[in-house]
Amino acid sequence: MESVGVGVYGLGKMGRAHAERIGKALHGARVTAVADPDPQFARVAADQLDLPDVAVEPDAAALFGRDDVAGVLIAAWDGEHEAALLEGLRQGKHIFCEKPLTPTPEASLRVVRAEAATGRRLVQVGFMRRFDAGYLQLKQLLSSDGVGAPLLAYCMHRNVSQPPNFEADQIVTQVMVHEFDIARWLFDDEIGRVRVDRSRPTSRAPKGLADPLTAVLWTRSGVRVNVEAVCFGRYAYDIRCEVLGENGSVALPDPSFPVLRDAHGVNRGIGMDWLNRFEDAYNTEIQAWVDSISSGVSVGPSSWDGYAAQAACGAALASLESGDEVTVDLADKPGIYHF
Ligand code: ISE
């Protein structure tokens with residue numbers, strides 16, 4: 001089968017991991033070119049990638065403009081996403097954009113409108129949990145009659161730590177945003193309102209970062225979702241989810257680790273970061289993107305999903321500021337996102 005040429009924009013941890021995944025673990029695509037908002041860093045990072053003959057372009061426009069680039073994976077720092085997305089949409093290319101789509105709902109809405117103006121979906125957003133086997137089983141069980149109508153959900157999201165340049169808002173826009181997307185996806189509903197509460201901050205968090213945070217949100221149909229977000233939790237990357245329905249409850253399965261029994265007791269491992277916890281999900285999601293370039297039909301989370309999650313983040317940040325419950329306002333949904 002002919003393979004499609006793709007570009008990678010942003011060569012930090014996620015960009016490099018995805019570039020190598022496309023080169024080694026997936027089929028049907030090859031990385032032909034890369035770029036980074038910092039052109040000097042792009043050269044250094046490209047040399048470290050095990051990708052022979054990869055070209056290095058000076059910016060996103062040049063990367064999108066190459067004839068041998070049918071789609072670009074954007075994994076640059078959040079603030080760089082909007083300009084790159086708008087450029088890719090202008091050039092009519094396929095785009096995979098890591099979450100969050102953009103750091104603010106206003107910017108995400110500009111992307112939604114630019115995509116709608118092309119008349120077709122071109123963007124897949126990196127909410128990889130939607131491709132995780134455990135979350136898919138959970139959703140499947142929810143849609144069977146067994147659990148009954150959902151009433152309540154609990155979502156825990158605990159990280160070991162975050163990079164040094166992590167900003168205070170990102171506990172919402174980078175961490176909680178996954179739970180907002182999962183709530184929308186699990187319950188096939190939009191988020192109606194949200195309230196965020198602080199707790200005693202961990203001494204491990206940088207000054208000014210409220211960590212941990214909890215949120216309570218209600219979907220429009222009234223399901224209450226309790227969210228916990230921890231950035232500097234130290235002990236492990238621990239992701240949990242449980243939904244209580246009218247007939248029973250269903251919980252996300254833990255990843256399987258072997259059980260060690262010895263003189264210290266019975267022990268089972270636990271992951272330390274998302275790349276390893278969600279490796280299979282990342283492979284499936286990026287393979288789906290690659291396949292969508294060949295088929296011309298975008299799949300997975302859309303720009304609208306990215307925008308709606310970001311609108312919930314905007315409300316959550318306003319709630320963090322005011323202490324009040326905040327309504328999530330959404331613009332009208334363009335026709336290309338109805339199906
Ligand atoms: C990180 O940026 C991710 O995208 C991970 O999926 C998430 O679990 C983590 O909390 C974020 O910091």
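Side chains included, hydrogens not; waters and symmetry mates left out as well; all remaining heavy atoms used. This is a predicted model, so every value here is computed, not measured. We count ligands from 1, going down the list as the structure has it; atoms in each ligand are counted the same way.
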Heavy atom of [X], distance to ligand 1 below 4.0 Å:
X: K99; result: yes
X: F166; result: no
X: M14; result: no

### Message
Count I, L, V, M, F, W, Y as connected when their side-chain heavy atoms are under 4.5 Å apart, and connections chain through other members. Are V175 and L217 then in the same cluster?
### Response
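V175 clusters together with L217.
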
### Query
Nearest heavy atom to atom 11 (C) of ligand 1: which of Q174, R277, M128, R158 does it belong to?
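Shortest heavy-atom distance from atom 11 (C) of ligand 1: Q174.
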
### Message
For atom 12 (O) of ligand 1, what's the nearest protein heavy-atom neighbour? Residue, atom name and distance, please.
### Response
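For this ligand atom, the closest protein heavy atom is Q162 NE2, 3.0 Å.
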
### Task
Among all protein heavy atoms, pick out the one at the shortest distance from atom 7 (C) of ligand 1; state its residue, atom name and that distance to 0.1 Å.
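Here the closest protein heavy atom is H157 NE2, 3.4 Å.
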
### Task
Evaluate the side chain to side chain contact (heavy atoms under 4.5 Å, CB included) criterion for residues F166 and L209: first the C-alpha distance (whole Å), next the side-chain angles of each, then the deciding distance (0.1 Å), finally the verdict.
CA-CA 9 Å; F166 194 76; L209 180 68; 4.2 Å; yes

Measure from the side-chain N and O atoms of [X] to the backbone N and O of [Y], and report whether any donor-acceptor pair falls under 3.5 Å.
X: H81; Y: A76; answer: yes
X: E228; Y: L213; answer: no
X: S319; Y: A315; answer: no

### Query
Should H178 be counted as touching ligand 1, given the test is an N or O pair under 3.5 Å?
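Yes; at least one N/O pair falls below 3.5 Å.
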
### Message
Below 3.5 Å, N or O to N or O, backbone or side chain included: is there any such pair between N159 and ligand 1?
### Response
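N/O-N/O distance under 3.5 Å: yes.
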
#### Entry: Q170, portion touching ligand 1 at heavy-atom distance under 4.0 Å
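Neither; nothing of Q170 gets under 4.0 Å from ligand 1.
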
### Query
Just heavy atoms, cut-off under 4.0 Å: does Y237 contact ligand 1 by side chain, backbone, both, or neither?
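Only the side chain of Y237 comes within reach of ligand 1.
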
### From CA spacing to verdict: side chain to side chain contact (heavy atoms under 4.5 Å, CB included), F180, Q310
CA-CA 9 Å; F180 295 157; Q310 224 43 51; over 6 Å; no

### Task
List every atom of ligand 1 that sits less than 4.0 Å from any heavy atom of V175, numbering the atoms from 1 in the order shown and giving each element.
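Near V175, the atoms of ligand 1 are 10 (O), 12 (O).
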
### Message
Using a 6.0 Å cut-off, check whether atom CG of D50 has over 12 heavy atoms from anything other than its own residue.
### Response
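Not more than 12 within 6.0 Å, no.
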
### Message
So for atom CG, which belongs to N247, do other residues, nucleotides or ligands contribute more than 12 heavy atoms lying within a distance under 6.0 Å?
### Response
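Enclosed.
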
